[in-house]
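To start, the structure under review is shown below, and the notes come after it.
We're numbering straight along the sequence, starting at 1.
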Amino acid sequence: MTSSIVPYPDGPLIVRGDFELLTPDGETIDPGRGTIALCRCGKSAAKPFCDGTHKAIKFHAEAGRETPVPRT
């Protein structure tokens, strides 16, 4: 199975498919489903998941990439 990550305009990152979500310490976070919304605004009370706070604070971010792709 493949996975996809889609940045929604002024909203979260939607992750679908086969993925593993980890804490900074490497602990597994059980998302409880195959599609999740990850917070991009930084204000969610349910981090790393989106709780809709971006709407209340009028978070603004384009869906497309605003900076060049990093070189490896």
Side-chain angles (χ1 to χ4, degrees):
M1 178 184 261
T2 62
S3 57
S4 65
I5 302 172
V6 179
Y8 272 60
D10 303 331
L13 296 172
I14 303 298
V15 182
R16 292 183 176 99
D18 187 27
F19 60 88
E20 184 177 22
L21 188 59
L22 304 172
T23 67
D25 296 329
E27 301 286 325
T28 300
I29 299 172
D30 180 9
R33 60 189 69 182
T35 299
I36 60 171
L38 295 176
C39 176
R40 265 202 313 170
C41 75
K43 302 297 182 184
S44 173
K47 285 183 216 139
F49 304 105
C50 175
D51 67 0
T53 299
H54 61 274
K55 293 176 188 175
I57 66 167
K58 298 184 175 147
F59 174 72
H60 177 71
E62 300 295 326
R65 186 168 182 87
E66 296 174 8
T67 58
V69 175
R71 294 182 183 221
T72 55

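Of the inter-residue distances, the one linking F59 atom CZ with C39 atom SG reads 7.5 Å to the nearest 0.5 angstrom. A distance of 9.5 Å separates SG in C50 from CG in L13, rounded to the nearest 0.5 Å. Expressed to the nearest 0.5 Å, how far OG of S3 lies from CD of E20 amounts to 11.5 Å. With rounding to the nearest 0.5 Å, the separation of SG in C41 from NZ in K47 is 8.0 Å. Note that the CZ atom of F19 and the CD1 atom of I5 stand 9.0 Å from one another [nearest 0.5 Å].
Judged by distance alone, the side chains of D51 and T53 do bring a donor and an acceptor atom under 3.5 Å apart.
For the side chain to side chain donor-acceptor pair (under 3.5 Å) test, no residue two or more places apart in sequence or in another chain qualifies with T35.
Here the shortest heavy-atom pairing between H54 and D10 reads CD2-O, 3.0 Å. The minimum heavy-atom distance between P7 and R40, with the atom names listed, is CB-NH1, 3.8 Å. When all heavy atoms of Y8 and R16 are compared, the pair lying nearest together is OH-NH2, 3.8 Å.
In this structure, I29 is a member of the same hydrophobic cluster as I36, with clusters built from ILVMFWY side-chain heavy atoms closer than 4.5 Å.
Counting heavy atoms from C-beta outward, L21 and T28 have side chains that stay 4.5 Å or more apart.
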